[in-house]
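Before any comments, here is the structure.
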Amino acid sequence: MIEVADLSVAYGTGRRRVLAVDRVSLSVPTGEMGALVGPSGCGKSTILYAVDGLIPPTEGTISVADEPVHGVRRDVALILQDAGLLPWKTVRQNAELALRIQGVGEDVADILNTLGLTGFENSFPAELSEGMKRRVGIARALALHPRVLLMDEPMANLDSLTREHIQKLILDLWKSLRFTALLVTHDIEEAVFLGRHVFVLSRRPARVVEAIANPEAGTAAYRGSDTFVQRVRYLHELLGGVQ
Amino acid sequence: MSVRTQGGDRRSAAEILSGAKSVATYLLAACVVLGVWWIVAHILYAVRGYSVLPTPAETFRLAITLRGDLAPAFGNSALRFLISIVVAFVLAVPFGLVVGFSRRLHQYVSPLVFLTYPIPPVALLVFLYMAFGTGEAVRVFVVTIALFFQLLVAAMGAARQIPPSFVTSVRSAGATKWGLYKHVVLPATLPSMLTAARVSVGLGITLLYIAETRIGAVGGARSGLGVFIKVHSHAPAEYELSAVVGLALMGLVFYTALELLDRWLCRWRHVGGGGGT
Ligand SMILES: Nc1ncnc2c1ncn2[C@@H]1O[C@H](COP(=O)(O)OP(=O)(O)OP(=O)(O)O)[C@@H](O)[C@H]1O
Ligand SMILES: [Mg+2]
């Protein structure tokens, strides 16, 4: 369970102070997937960083699995915008980064295999396609078997085929591993397709404009259904009003 | 399996090819330099009516005759330079990276660095000479201090250029401060540091030349290419030129060594389509 209560985050101090997140509350039940949608620059990444323990809340509280978040935790993993791979590390070294840092002697061969990266263990990020890089980012996040997976636009800037492939991959992984997930996206259809709980954010500072229950999310058949189309249209209107 | 072997073969073939190419360009460059030298020597001879600049052939003939003196001079100069650049690198890089990576430290330390940075080390030579005499240490020290500042400024700059996303991704994996240096700061800045070292080879050799020719050369001090030039300052120009060729070769050796180090340690920059060289 991810529980965010009255979260505010400000960057900088004095005259340069920027309020990025303003009293955001949201919760995602254990084993389910939540989606954050909002205009660009509204504070989506900031919310994820705070849940990951990278940024201390200016105000408010965050807890994961009923334990308050004070700093980075082993059971919470983050997939960064543009995968955040280190160009000087090979695919294997990138995937096992968290394991090495935490001193866990586990192997990443299985997870690389699951993500179709076998045979590329010794390649550098510069030698990979964009879709492969994203898969390495996913492998790295899953290597420590996290209870909570935070994803910052994992499908952004991909061609539509690769995008659908990664969407399906994340869905399959979620179904088999059942982590609790929070997905940031600026793609409304993606949010409705994947997020059982969709949180629509305002422009900066991010506020929750509406929390939408979307229980049908995560099934292949949902995408073509009338409910899906209606929810997507509704969100478009909502965000159109926001922007 | 076969696909991977093939890929491996292709890569090593490409590596060999690029290696051969760079050897070829060096040879070509050497030919150009020798050619220009030869032409200038002949023009000067034609204009003046007597030999101003010895030709490459004359110089090399003399160098071979004097190899018993030149080889140890080359060795000593190269050793001085090696010690200087290693000491400067080992001191400047960690210090510069720590300062550059911390906004607070950078704020306080950078004015200090940029105030002292423009002081030419040569200007200190007289003081060093008076304070510490003409020993080996002073010569090495002058070169070291010059390289130190070059590398320090480069390290501070490189550490400030590190994209925040690399830091975020490693922090999110649970890294401590030391982990950040190990996984991000050091590898991210290594290419710039090696480039800075390569760029400062020229400056270092210039200073070594000055230190060796200015600081009391003869009395007991060990030889060096600069010392050789000073000792033979009244001999025909071939003497000086043969030592100058030695200095040029020395620069080339260090420059190439640093380039090879870059290829070896920063292999990731030389793969894939973009980036690199
Ligand atoms: N380190 C920082 N210092 C100061 N301001 C920052 C910092 N990081 C982000 N901001 C500001 O906070 C706001 C929210 O940034 P954030 O990255 O969370 O937005 P986002 O919704 O993820 O944007 P995008 O859609 O571009 O990914 C932005 O206006 C940004 O300018
Ligand atoms: Mg963002």
Side-chain angles (χ1 to χ4, degrees), chain A residues 12 45-46 48-55 71-91 93-104 118-129 132-133 136-137 140-141 143-144 146 148-152, chain B residues 1-12 14-15 97 103-104 107 158 161-194 261-277:
Chain A
S45 297
T46 305
L48 279 201
Y49 289 178
V51 176
D52 194 38
L54 289 166
I55 303 179
V72 173
R73 283 166 50 161
R74 243 182 86 161
D75 56 347
V76 182
L78 170 69
I79 298 173
L80 281 133
Q81 216 161 335
D82 297 320
L85 302 183
L86 303 175
W88 46 85
K89 290 191 187 282
T90 62
V91 166
Q93 290 168 335
N94 265 294
E96 63 188 16
L97 181 72
L99 293 173
R100 288 298 91 84
I101 286 175
Q102 310 268 341
V104 181
T118 306
F120 294 94
E121 292 90 345
N122 298 319
S123 302
F124 287 101
E127 300 173 287
L128 304 179
S129 71
M132 288 167 87
K133 286 185 205 168
V136 179
R140 167 150 93 196
L144 269 175
V148 167
L149 183 64
L150 309 168
M151 296 174 271
D152 198 354
Chain B
M1 279 284 276
S2 67
V3 176
R4 274 165 76 189
T5 343
Q6 220 178 47
D9 284 347
R10 227 182 302 133
R11 178 176 301 163
S12 63
E15 266 165 24
L97 292 183
R103 194 180 303 163
R104 169 96 30 103
Q107 192 184 335
Q161 302 285 320
I162 298 171
S165 68
F166 295 157
V167 177
T168 309
S169 97
V170 174
R171 280 221 301 136
S172 169
T176 55
K177 197 91 192 169
W178 163 239
L180 279 183
Y181 277 96
K182 180 179 161 198
H183 293 287
V184 180
V185 180
L186 281 175
T189 54
L190 189 59
S192 321
M193 294 326 302
L194 290 175
L261 212 57
D262 178 67
R263 271 172 197 275
W264 177 51
L265 292 175
C266 311
R267 214 170 61 75
W268 58 274
R269 290 174 71 231
H270 306 282
V271 299
T277 44

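On a predicted model such as this, the values are computed, not experimentally measured, just so you know. We use all heavy atoms of the structure for the numbers below, so side chains are in, but hydrogens, waters and symmetry mates are not. Each chain gets a letter, A, B and so on, in the order its sequence line appears, and its residues count up from 1.
With a 4.5 angstrom heavy-atom cutoff, A:L85 touches chain B only via backbone atoms. No part of A:R100 comes within reach of chain B, as not one of its non-hydrogen atoms sits under 4.5 angstrom from that chain.
Of the listed residues (A:A98, A:P87, A:P125), the greatest number of heavy-atom pairs within a distance under 4.5 Å of chain B belongs to A:P87. Interface remark: of the candidates A:Q93, A:R73, A:Q81, A:K89, A:K89 forms the most heavy-atom pairs closer than 4.5 Å to chain B.
Contact record, A:L86 with B:S169: CD2-OG, 4.1 Å, taken as the closest heavy-atom pair. Between A:L97 and B:A173, the shortest heavy-atom distance links the atoms CD2-CB, 4.1 Å. Of all heavy-atom pairs between B:R171 and A:V72, the closest is O-CG2, 3.4 Å.
Contact annotation: the side chain of B:S172 never approaches that of A:Y49 to less than 4.5 Å [non-hydrogen atoms, C-beta and beyond].
B:T168 pairs in a side-chain contact (heavy atoms from CB on, under 4.5 Å) with only one of the listed residues (A:I55, A:D52, A:L80, A:D152), which is A:L80.
Not one N or O on the side chain of A:W88 forms a donor-acceptor pair closer than 3.5 Å with the backbone of B:V184.
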